[in-house]
Protein chains: 2
Amino acid sequence: MSEVFLKDALVTLKESGVRITPQRHAILEFLISSETHPTADEIYKALEADFPNMSVATVYNNLRVFRNAGLVKELTYGDSSSRFDFVTHDHYHIICDHCGKIVDFHHPGLEEVEHLASHVTGFEVNSHRLEVYGTCPECAAGANKAK
Amino acid sequence: MSEVFLKDALVTLKESGVRITPQRHAILEFLISSETHPTADEIYKALEADFPNMSVATVYNNLRVFRNAGLVKELTYGDSSSRFDFVTHDHYHIICDHCGKIVDFHHPGLEEVEHLASHVTGFEVNSHRLEVYGTCPECAAGANKAK
DNA sequence: TTACTTCTTTATAATCATTATAATTAGTTT
DNA sequence: AAACTAATTATAATGATTATAAAGAAGTAA
């Protein structure tokens with residue numbers, strides 16, 4: 001199935017005139033197969049073995065390319081670096097306050113909230129962002145210390 | 001009414017053993033009276049006239065003190081710097097994709113989403129974060145260009 | 001294939017928000 | 001007012017991200 005995602009993504013890129021380089025292929029593949037939501041640096045380090053000469057700038061550049069193509073979403077939390085998430089279908093994130101783990105969960109879109117917000121403020125609404133915070137089962141069970 | 005907020009905030013701080021300095025007073029006052037959700041640098045610049053010798057570090061230090069005391073919330077969006085919001089009662093934000101304006105709106109808490117997330121993922125839920133994005137009336141009316 | 005154009009990568013330096021450090025100053029309590 | 005301690009200041013350090021310029025590779029057309 002991740003095969004399909006990758007193929008679709010490559011088609012999307014080609015259609016918007018973006019060249020498929022080995023680095024782009026690898027970054028996409030890593031993002032799709034990744035359960036975690038990696039930072040740019042994590043991607044860089046993960047691909048170091050296969051691309052010893054790749055520059056960090058390449059990772060950042062291509063994450064921006066993917067974001068502009070709608071393939072990838074950038075997640076900005078309080079901490080220092082952004083995380084990147086391959087866009088599949090709509091899902092939200094729940095984040096552990098202790099270990100930082102991010103888990104996906106599905107929920108129908110919050111159209112009702114969008115409507116209310118639009119009505120009250122006069123904005124034309126495009127999208128929304130929702131995250132839930134808490135403690136993951138592992139941290140709740142073990143006596144894990146806060147990060 | 002902002003008088004009340006300020007007084008309450010000062011009491012809260014004193015109770016947790018935090019000294020009230022002129023700088024802290026001024027930063028709090030500015031945050032409370034501010035309609036926008038300023039960055040640390042904006043606060044720094046706004047108080048430059050009254051505190052010509054104040055250091056940026058003081059602004060950051062005190063924003064952290066306020067955040068730890070629960071008086072201030074830090075908002076991290078995609079852009080480079082955090083914004084700070086004096087916590088009054090629960091509200092959400094709607095943000096203009098074009099000019100970046102942030103407007104408050106009220107909506108009952110999303111307990112139902114929290115419950116679902118908790119049930120599906122096994123997390124203990126503490127809180128959530130929600131933002132709505134769109135185009136503000138001014139940008140929709142004028143031919144304003146995207147930022 | 002060859003040559004050509006354009007986009008991409010690389011290496012490096014620059015930027016900019018935020019934090020750490022150490023010395024000085026100022027709140028608070030007695 | 002004296003003393004104790006926390007806060008401020010000035011400055012340097014850190015660390016993520018972006019800009020730049022030169023070298024390399026994709027796509028294209030002959």
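These figures come from a predicted structure and were not determined experimentally. Protein chains get the first letters and strands the later ones, always in sequence-line order, with residue 1 at the start of each. Hydrogens, waters and symmetry mates play no part in the numbers below; they use all other heavy atoms, side chains included.
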Hey, what are the protein-to-nucleotides 4-8 of chain D N/O distances that come in under 3.5 Å?
{"residue": "D:dT5", "atom": "O2", "partner": "B:Arg19", "partner atom": "NH1", "Å": "3.2"}
{"residue": "D:dT5", "atom": "O2", "partner": "B:Arg19", "partner atom": "NH2", "Å": "3.0"}
{"residue": "D:dA6", "atom": "O4'", "partner": "B:Arg19", "partner atom": "NH1", "Å": "3.1"}
{"residue": "D:dA6", "atom": "O4'", "partner": "B:Arg19", "partner atom": "NH2", "Å": "3.0"}
{"residue": "D:dA7", "atom": "OP1", "partner": "B:Arg24", "partner atom": "NH1", "Å": "2.9"}
{"residue": "D:dA7", "atom": "OP1", "partner": "B:Arg24", "partner atom": "NH2", "Å": "3.3"}
{"residue": "D:dT8", "atom": "OP1", "partner": "B:Thr21", "partner atom": "OG1", "Å": "2.7"}
{"residue": "D:dT8", "atom": "OP2", "partner": "B:Asn62", "partner atom": "OD1", "Å": "3.3"}
{"residue": "D:dT8", "atom": "O3'", "partner": "B:Gln23", "partner atom": "NE2", "Å": "3.0"}

In terms of ring plane angle, is the pair A:Phe86 and A:Phe5 parallel, tilted or perpendicular, where the classes change at 30° and 60°? tilted

Examine distances only and state if a side-chain atom of A:Arg129 and a backbone atom of B:Val132 form a donor-acceptor pair shorter than 3.5 Å. no

Protein-nucleotide distance ([X], atom [atom1]; [N], atom [atom2]), rounded to Å:
| X | N | atom1 | atom2 | result |
| --- | --- | --- | --- | --- |
| B:Glu42 | C:dA17 | CD | P | 11 Å |
| B:Arg83 | C:dA17 | CZ | P | 11 Å |
| A:Ile27 | C:dT9 | CD1 | P | 7 Å |
| A:Leu10 | D:dA26 | CG | C1' | 15 Å |
| A:Leu13 | C:dC7 | CG | P | 16 Å |
| A:Glu74 | D:dA16 | CD | P | 14 Å |
| A:Asn68 | D:dT18 | CG | C1' | 14 Å |
| B:Asp79 | D:dT17 | CG | C1' | 13 Å |

I need the full list of ring pair (Phe, Tyr, Trp, His ring centres under 6.0 Å) pairs touching residues 51-77 of chain A, with sequence neighbours left out, sorted by first then second residue. none

Select from B:Lys14 and B:Val56 the residue whose nearest nucleotide in DNA chain C is closer to the 5' end of that strand. B:Val56

Donor-acceptor side-chain pairing of B:His128 and B:Tyr92 below 3.5 angstrom: yes

DNA chain D nearest-nucleotide lookup for A:Thr39 and B:Ala57: closer to the 5′ end is B:Ala57

Please lay out, stage by stage, how A:Glu74 and A:Ser82 fare under the test side chain to side chain donor-acceptor pair (under 3.5 Å). CA-CA 6 Å; A:Glu74 181 173 359; A:Ser82 290; 2.7 Å; yes

Please state whether the phosphate of D:dA16, meaning OP1 or OP2, lies under 4.0 angstrom from any side-chain nitrogen or oxygen of A:Ser82. no

Just N and O in the side chain of B:Tyr60: are any of them under 4.0 Å from OP1 or OP2 of C:dT18? yes

N/O donor-acceptor pairs under 3.5 Å from side chains in residues 117-126 of chain B, not counting sequence neighbours:
{"residue": "B:Ser118", "atom": "OG", "partner": "B:Phe123", "partner atom": "O", "Å": "2.9"}
{"residue": "B:Thr121", "atom": "OG1", "partner": "B:Ala117", "partner atom": "O", "Å": "2.6"}
{"residue": "B:Thr121", "atom": "OG1", "partner": "B:Phe123", "partner atom": "N", "Å": "3.3"}
{"residue": "B:Asn126", "atom": "ND2", "partner": "A:Asp97", "partner atom": "OD2", "Å": "2.7"}

How far apart are the C-alpha atoms of A:Arg83 and A:Glu42, what are their side-chain angles, what is the distance that settles it, and do they pass the salt bridge (charged side-chain N to carboxylate O under 4.0 Å, His left out) test? CA-CA 9 Å; A:Arg83 300 187 160 274; A:Glu42 284 167 1; 3.5 Å; yes

